[in-house]
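Here the structure is a predicted model, which is why all the values come from computation and not from measurement.
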Amino acid sequence: MNVIVELFQKHPELAVFFCLAAGYWVGSVKLGRFSLGTVVGTLLVALIVGQMHIVVPDFIKTLFFSLFMFAVGYHVGPQFFSGLRRGGLQMVVLSVIFCLVGLGIVLLTAKLFGLDKGFAAGLLSGGLTQSSVIGSATDAIGRLPLPENVRQELAHHVPLGDAVTYIFGVIAPSVFLSKFAPKLIRADLKVECEKMEDELSGGPGRKLSGAFDSYVPVDLQAFRIDHEGLVGKGIGYLERILPDRCYVQRIRHGRKVLKPQDEVTLQRGDVIVVSGNREDLIKVQSLIGGPIADPEAMDMPFETVPVIVTQKAAIGKTLGEIREAAPARAKGIHLRRITRQGQTLPRLLNTRVARGDVLELVGQPADIERAARFLGFPDRPSEKSDFVFISLACVVGVLLGVFSIKIGAIAVSLGSSGGILVGGLFFGWFHSLFPRFGRVPSAAVWLMETLGLNVFIAAVGLAAGPHAVAAMKSDGLQLLAAGVAVTLIPHVVTLLVGRYGFKLNAGVLLGACAGAGTATPAMQAINEESQSAVPTLGFTIPYALSNVLLTAWGPVVVALVTG
């Protein structure tokens, strides 16, 4: 054991990587549908390994947390600003109410239970599952005009408070919002989601009528013209009688394989290649003739390309309005999925498109390019990240963090981490306006978010480890009790305001509550309970705003808690 301790103390990087490996494994273990998650798993392992008194340089924590904060800002920036600017006022208000109530409950319980600044910040982080608060609060504690040993003790209390309250903070919103919240507001979740789907689809019974959509996988099929009524007719006539969203992609005229053009006249025996969903292609047989195998005619370059919505002509429009505004541009295109902040939205006629939404299109390259010019920017896969853009955002953020304002006798500032978050927000928003600049692939953003936060958590857990046992004995029960209040009360207040103040649909409202609490597991539980994607419509704007506001509350808690 002494050999392991000496090895970890001499090589702290080894301890950090061990905490990541063991923490990820612990966090992935599931008990039923519940798992701790990587952040809590890494923190718990680090607190245990930290009993060995391992010292990790502060610069490591600062560097990795900065990467995490940039990634968060870059990821939510487009939705953050679009939510502030248009169409999402109710969602913005609900998010602000949630965050203000959460802050108030933290300050109140800290006063009632005599929690110090560090424990109070950890309570905010764990109770509302916003791990970035650990970094922003620790940064603020480091600037307090206190003796060094006191600052270190307060900083160590932040991850300890998070560890005690995080588990309830993860489980409770999932159970409360999916099971008990509908009963509290006297709503049938499935029925209300079905009503919203009817509204989005343009009326009952039209749920499968997407704008340029296929709800089952897109396929190609070749048919031989056998119907006498088609002989001598043009391609335009044929497409008008085909099922909606089925398109003629190729035509074999004798030995020639041609692109479909209006002047082409159909003859008996011609081979027509049609794209569409499989259910509709079955219907085509009765309209044209029997399906055949024609590898040469069906050999065409189909691709799937995510298109980022950036054009004013498409922003704020429904899928149905986009279809009516650009029928020629949508020809030959099939929409497989529409996502916002990584969450899949309903693909229905009245689903409204926002800046930064990603429409996953299927079609031939020329057709996709034509549609993309109307919608925004085709985001074809690339492994390269714009490191000039990333570094410049961090430089701007650090400079923003230098400025401070006075709250009483204490100077409060964003700090380097908060400044980098703001820099990431602006630069992410800028990228949504001009997608050719500042591209960071989603996999790279995920890596910066996940690795940046977990390396930081491992480092602070190792530092706090020697103090964990004594702190849990003195304040563990108070933190648990306070954590229950901090987790549940903001959700209850937000739920009641949204239902009885704004009269929101129950599905959209529950999604907004999950977003305001940055509770992605709760969002998944609500979707499963409702068997619908409708709750996702309320999730994205509150999620983006709360990521910023709750992180900003870290320094505020440090400034206002007097213990």
Could you tell me whether the side chain of [Y] reaches within less than 4.5 Å of the side chain of [X], counting heavy atoms only?
{"X": "P346", "Y": "T351", "value": "yes"}
{"X": "V455", "Y": "F68", "value": "no"}
{"X": "T536", "Y": "T344", "value": "no"}
{"X": "L160", "Y": "L47", "value": "yes"}
{"X": "V55", "Y": "L462", "value": "no"}
{"X": "L480", "Y": "T165", "value": "no"}
{"X": "V106", "Y": "W553", "value": "no"}
{"X": "F64", "Y": "L453", "value": "no"}

Kindly give the heavy-atom pair with the smallest separation between [X] and [Y], and that separation in Å.
{"X": "A71", "Y": "E449", "result": "CB-CG, 3.3 Å"}
{"X": "V484", "Y": "F168", "result": "CA-CE2, 3.6 Å"}
{"X": "S131", "Y": "V39", "result": "OG-CG1, 3.4 Å"}
{"X": "G498", "Y": "L509", "result": "CA-CD1, 3.7 Å"}
{"X": "A552", "Y": "P555", "result": "O-CD, 3.2 Å"}
{"X": "P542", "Y": "A516", "result": "CB-N, 3.5 Å"}

So, for F70 and F427, is the gap between ring centers shorter than 6.0 Å?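 Judged by ring-centre distance (under 6.0 Å), F70 and F427 do not meet the cut-off.
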
Would you check if the side chain of [X] reaches a backbone N or O of [Y] as a donor-acceptor pair within less than 3.5 Å?
{"X": "R151", "Y": "L144", "result": "yes"}
{"X": "S95", "Y": "M91", "result": "no"}
{"X": "S385", "Y": "F387", "result": "no"}
{"X": "N454", "Y": "T450", "result": "yes"}
{"X": "T129", "Y": "G169", "result": "no"}
{"X": "S125", "Y": "Q130", "result": "yes"}
{"X": "Q9", "Y": "M52", "result": "yes"}
{"X": "R352", "Y": "G316", "result": "yes"}
{"X": "K117", "Y": "V561", "result": "yes"}

Show, in sequence, the C-alpha distance, side-chain angles and deciding distance for F18 and F8, and conclude whether the ring pair (Phe, Tyr, Trp, His ring centres under 6.0 Å) test is met. CA-CA 10 Å; F18 174 81; F8 278 179; 5.8 Å; yes

Side chains of Q152 and E148: do they bring a donor and an acceptor to under 3.5 Å?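 The answer is yes; a qualifying pair exists.
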
Let me confirm one number: the [atom1]-[atom2] distance from [X] to [Y], rounded to the nearest 0.5 Å.
{"X": "L425", "Y": "N547", "atom1": "CG", "atom2": "CG", "result": "9.0 Å"}
{"X": "Q524", "Y": "S178", "atom1": "CD", "atom2": "OG", "result": "11.5 Å"}
{"X": "K190", "Y": "E197", "atom1": "NZ", "atom2": "CD", "result": "12.0 Å"}
{"X": "L537", "Y": "N505", "atom1": "CG", "atom2": "CG", "result": "9.0 Å"}
{"X": "L189", "Y": "N527", "atom1": "CG", "atom2": "CG", "result": "9.5 Å"}

Please verify the inter-ring angle class for Y543 with F539; under 30° counts as parallel, over 60° as perpendicular, anything in between as tilted.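 If you compare the ring of Y543 with that of F539, the planes turn out parallel.
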
Please state whether the rings of Y74 and F389 are parallel, tilted or perpendicular, taking 30° and 60° as the class boundaries.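 Plane angle over 60°, so perpendicular.
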
By salt bridge (charged side-chain N to carboxylate O under 4.0 Å, His left out) - contacts of D188 (at least two apart):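 D188: no salt bridge (charged side-chain N to carboxylate O under 4.0 Å, His left out) contacts found.
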
What residues, two or more places apart in sequence or in another chain, satisfy salt bridge (charged side-chain N to carboxylate O under 4.0 Å, His left out) together with E153?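 E153: no salt bridge (charged side-chain N to carboxylate O under 4.0 Å, His left out) contacts found.
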
Which residues satisfy the side-chain contact (heavy atoms from CB on, under 4.5 Å) test with A187, sequence neighbours excluded?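 By the side-chain contact (heavy atoms from CB on, under 4.5 Å) rule, A187 matches I185, E192, R499, A506.
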
L550, T551, L124, V556 screened by side-chain contact (heavy atoms from CB on, under 4.5 Å) with S136, the one that passes: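 With S136 as partner, side-chain contact (heavy atoms from CB on, under 4.5 Å) holds for just one option, T551.
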
Could you check whether D386 pairs with R439 (Lys NZ or Arg NE/NH1/NH2 to Asp/Glu carboxylate O, under 4.0 Å)?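 Salt bridge flag = no for R439 with D386.
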
Flag yes if more than 12 heavy atoms outside L477 fall under 6.0 Å of its CG atom; otherwise flag no.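 No, the 6.0 Å shell around CG holds no more than 12 heavy atoms from other groups.
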
